[in-house]
Structures are given as structure tokens and as C-alpha cells.
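Structure first, commentary second.
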Amino acid sequence: MHYSRMLLPTLKETPAEAELISHKLMLRAGMIRKLAAGIYSYLPIGYRVIRKIENIIRQEMNSAGAQELLLPVLNPAELWRESGRWELYGAELMRLKDRHGRDFCLGPTHEEVITDLVRREVRSYRDLPLNLYQIQTKLRDEIRPRFGIMRAREFIMKDAYSFDCNDHDAQISYQQMYEAYNRIFERCGLTFRVVEADSGSIGGSFSHEFMILADSGEERIAYCPNADYSANVERALAVLPDSLNSGEAPSVLAPLEAVDTPNIKTVDELCAFLSCAPENLVKTLILKADDQIILALVRGDHELNLIKLKNLLSADQLELADADTVMQITNAPVGFAGPVGMNKYRIIADNAVKNMINFITGANKTDTHYINVNWGRDAVCEYADIRVAQAGDLCPKCAAALNFCKGIEVGHIFKLGAKYSKALGAVFLDEAGRQQTIIMGCYGIGVGRTMAAAIEQNYDQNGIIWPVAIAPYHVLIMPLDVDNEQVMQLAEDICQQLESLKIECLLDDRDIRPGIKFKDADLIGIPLRLTIGKRDLKKGLAEIKIRKSGKSDKISPDNVVSYIKNALTLL
RNA sequence: CGGGGCGUAGCGCAGCCUGGCAGCGCAUCGGUUUUGGGAACCGAGGGUCGGAGGUUCAAAUCCUCUCGCCCCGACCA
């Protein structure tokens, strides 16, 4: 491809709208352009990368026995009402009406549509198992789209759905996808970690997320240094060392005492005021779970995990109570809540709170806290793991201290069970002629997000450094003296030879200053750069530079093709 | 939805407080000289100052409303 004929508008300056490094570089490298908040066009070079990623996904999905199909983006509301998600999915579902006033939505995911298809077509256990997938644009009315295509309202996703006769087979399907996903991200050349995850509103019994490791990631990962365990902190079990968790029975229970704490509301303020450590405090959070009031207690230095609590309560909705509700329940503004005298409400304390003695809580009275609160005597509650795992917690399998890092969620696989097949009546007849419900799994990969994550992981000051497998081109051929016949002839020649070997080339035939070409080359990040200038060519030399290492070699033009062939296999 | 910020040439911004010819840098087009890491000089084009209404002799600037975008939070496969 000739650069001069391409739509490849690089930018010297970074557009003000971009914050994240991948977003800035994609805009500057002419890969994407914004149409509206969270809605982007993919320009030719960006779309080439998308296609590379899609094709790796296709190959691995196909070889795992999955079949590609394409489902409608526009979905009738009827189907979503049948699964219950017309109501449950909430404002994130893009809804619209047709001219007759009938309700539709734009598919944010396709469990309903695929289950509908399968329930119509599958009759017998002989038709199963099935794994069907598509690569398609999804739409979600994100509350706050951000970070360019990382969290967009319209985005390309691969979604696959497996259908099995029973739980055992479904487990096999899940395992196949687990392995296929590992191969996909390995082939993309990315550093990633597979973590246990919460299955969220998709539902189902368990799930794994595939995380590209990057400091800019929105997800926090807890992992064991011995590789026995890794989980999204949303899910990671919070296990304290035994010494702290089940200490000896308290010897002295001091008497409960109310103290004045004028205008002291936060943990930090309270610690400073009473000169104590956050570990001596118990935070009491007032929550609404489907209109039921819940008091959740965590140690002062811990963070409540809403997802764990929501799962524990089997609640559809769980949110922090507003200030008015807190006032009504505790007779005090936010900041003075505590468990003492609140036993008409359900009180759930984190496990780490269980063995605390003589601790400090709010007194449910303005500007007042209790000190020397003790379980049994002053309040009772139930205990569960309801906090976010943090530094100091242990691996639940081998008791090593957990490490933490950040990641970008690019893949998520779920074992769904019968959630959708039951709601929609997707059944089959087994060998004995009995009607059974199909067991499902679903498996997603954010294609655009994978592209962005790849950049987050592979860049330097000068621009993108593409892994070869997903690079828009393999080689950038850069003749410096475009009006020199020999130089151009050689460039064209090598380009043709490489292309005939299926090595993809971009030939920068623009008649501009070399400096601009070099800058653009680094920005766009094609793995290999071949520079041909009349100066070196007189000496019978051309330069090959590796974008990633910055290393370059000057070699005879005759050897360029074999050199490149070899270099690409090593990268 | 709450909090903060921003909308002026394709991009980055100044001008707004204190009303008075709409500017700068980059990019674009033409020319001359340059030519291995974002050149120099000469010349040119490009704007409903996000939109609507109001105040005023006069509005990019002041007032009201509105739309869009970005960031933080809540939210979220």
C-alpha cells in the first residue's frame, strides 16, 4: 500500500479530549476519530488492527469447534421481556420504538436472541453440544463513556454461546473456551492474567475474566505469588492472617462509653481525634437492598465490597442509603452510625470484625461515638466476607501474602447454567425421551478494547509499538528520496517481493522531509522499518530498524527480503 | 444523576475579568531555497466565536436559556 494514497491523518499535537495514552496515540496515529461521546469511526489503519484481532479470534474459535453466525442488532422488546431483562437491564439498554410504536432495543449482548434461535431449532440431544459465536457491534448506553474506545457506547465484541445437554458437558465447553481464550491473547502478543470474577448481571454460577496487565487498567486484581489463586478484587476472598483473625479470647471488656466527637465524621478525623488506629474502628454503612435496610460493618481500614454483599443477600438492587434515610434510621447525619441498639435491622459484619474487642463505632447520635463496644454485650450481628481484599490478606489456597495489580478486562467467560434456557424454554429430548433444559455458557471478548489494551502495554515516548501479530502492517518501507529513480525502484521492488511472501508492507512514498516520515513511522509503530536513501544506496546499503528494540542494521539491498523474513519470525 | 472544567479556523490555544477591526502557533494551498529525526523565507485561503434569546449605539466578551464535549464520583459483562 502506498502511504500517499491512504487516509492516514497523523497528528503532531494531542487532541485535548484524550486522557489515556492509548486514546491519545490512536487519535494521533490516525486510527480512530470520534463521532460523538463513546462513538468512534475506525480509520483504515485502525480497522486493519481490528481485523487482525478478529481473525485471530476467528481461527481459535473455529478450531475450538465454534461456528460463526450473525445475529440482529435490533431486538424486539418481547424477547427481553420474556427473559426479564427489559426491566432488569436498566438504563444501559438502548431502547427505541418503530413507527408503529412497538418497543425495540439495540443489542448490548445476545443471550436472548441466541437462546430464541436455539430453542426453535434444537430438538434432540443429538443436536448438542453447540457453540455459536459472532463478531459484531454492540450498543450500551453507558452512564459515562470514557477513555476512547476502551469504554464506548458502541463497540465491537466477539460473543459466543455454548449449549450442552448437562452440567458435565457444559463444563467441558467452558474449559474449551478457557483454553481458546488463552491462545487468543497469547497469539495477540499480550501479557495477561486469568482471574476469578463475579458474574454480575449476566448471571450464572462462576466466571473468569481475562485481564491485560496495565497500570491504567480499571480493574484491580489480587493474585498469589505462587500462582495458586488470582481473582478480581470484586470477588477475591478476604482472608486475614490467623493471628489477627482468631486471637485469644479478650481478657478485659472495658465498659461501654459514649464520647463527644463534635463534627468528626470520617475515619481519619476520628483516629486523629481519639488518637487511635483505623484498625480499632468499625465503620457502619447503611444500605438499601431492594427496599430493605441493611447495616454493613467493616473495620476502619477496610472497604465494603458491594458485590459480595449483594450476592450474599441475593438482592437485585443494593445501594448506599441517601442522607435523609441515614438521618431517619440513625437519628444523626452521615458519619455517626453504629450497631448498638439497631437490632431491629439486619446487621452484617465482615469476618474481620468478629474478634475485635473494645472497638469504636458511631453512637447513632449527632457528634457522638461509642468506645469500648463489644460483641454480645452491646450488639449482635451475623458475620460474612463482605469486604474488598487488600494488602495484608492471604491467598485462600496457600496462605501466601496476596499481591495486587491492575488490569484491563478484555475477555469474560461465564457458565450460565439454565438461567436463559429456562426463562425462554430452550429444551431438548434426552436419550430416554425426557424433556431437559439446555445448559448454557457465554463468552465475550472486547475487540476494540483489546486493541486499546495492546497499546497501553506496548508504547514508548515516540508512539505505538505493535506486536507483530496485530500490527496494521509488518514492514514500513521508507524511501527518503522519492524523486530518485533508483531509490524508488528499489523500494517498489522490495515491496512487491515481500507482498508476494504475504508480508504486509506500507510504502511511505510521500514527497516530504525525512524527519516527518521518521516521526510518523515511530508513531504508527509498525514493527520493522526499511529505510532507503540515496546516500546509503550509493554505498550499497539500506537500513532496517526494529521499532521495539530500536536496533538497526545496514545491509545490502539484496539481503533485505531474507533479513525481514527472518526478523519477523524472531519478533 | 451529583461535583468540576471546556466549547473561538482542521489541531493546539490566546482574547472574555474591564464590551469597540477576531488573533497566535501548527496544519493546508502557491513560490524560492532546503532535504537521514516534525526546515527557512515570501505570499494566499480558511471563522454563523457551539446554538437561541436578551441588554447595549456596539457582544466572542455582560445576562438568561439550551446543546455538546472532557474529568471526578455514583453506575456497569
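Below, each value reflects all heavy atoms present in this structure, side chains not excepted, and no hydrogens, waters or symmetry copies.
Listed by chain and number, the residues in a salt bridge (charged side-chain N to carboxylate O under 4.0 Å, His left out) with A/Lys138 are A/Asp159 (sequence neighbours excluded). Take A/Asn311 and apply the side chain to side chain donor-acceptor pair (under 3.5 Å) test, not counting sequence neighbours, and it matches A/Asp198. The ring-ring contact (aromatic ring centres under 6.0 Å, His included) search around A/Phe185 returns A/Phe192, A/Phe210, not counting sequence neighbours. Here A/Asp520 pairs with A/Thr10, A/Arg510 under the side chain to side chain donor-acceptor pair (under 3.5 Å) rule; sequence neighbours left out. Scanning for side chain to side chain donor-acceptor pair (under 3.5 Å) contacts around A/Glu409 gives A/His412, with sequence neighbours left out.
Nucleic acid contact class of A/Lys545 (heavy atoms, under 4.0 Å, all strands): base. Residue contacts shown for A/Asp159 are absent, as no nucleic acid heavy atom lies under 4.0 Å away. When heavy atoms are screened at a 4.0 angstrom cut-off, A/Arg529 is found touching base atoms of the nucleic acid. Here A/Lys34 lies in heavy-atom contact (under 4.0 Å) with sugar-phosphate atoms only. Within the nucleic acid shown, A/Pro108 comes within 4.0 Å of at least one base atom, counting heavy atoms only.
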Determine all donor-acceptor pairs shorter than 3.5 Å in which one atom belongs to a side chain in residues 25-34 of chain A; sequence neighbours excluded.
{"unit_1": "A/Arg28", "atom_1": "NE", "unit_2": "A/Leu11", "atom_2": "O", "d": "3.0"}
{"unit_1": "A/Arg33", "atom_1": "NH1", "unit_2": "A/Leu27", "atom_2": "O", "d": "2.7"}
{"unit_1": "A/Arg33", "atom_1": "NH2", "unit_2": "A/Pro9", "atom_2": "O", "d": "2.8"}

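Evaluation of the ring-ring contact (aromatic ring centres under 6.0 Å, His included) test over residues 522-554 of chain A, restricted to residues two or more places apart or in two chains, returns none.
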Between the protein and nucleotides 72-74 of chain B, are there any N/O to N/O pairs under 3.5 Å, and if so, what are the atom names and distances?
{"unit_1": "B/C72", "atom_1": "OP2", "unit_2": "A/Arg144", "atom_2": "NH1", "d": "3.0"}
{"unit_1": "B/C72", "atom_1": "OP2", "unit_2": "A/Arg144", "atom_2": "NH2", "d": "2.7"}

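In this structure, A/Arg449 contributes its side chain and A/Met150 its backbone to a donor-acceptor pair below 3.5 Å.
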Checklist outcome for this item: Whether each nucleotide of nucleotides 3-11 of chain B has a protein heavy atom under 4.0 Å at its base (B), only at its sugar-phosphate (S) or at neither (-) is summarised, 5' to 3', as --------B
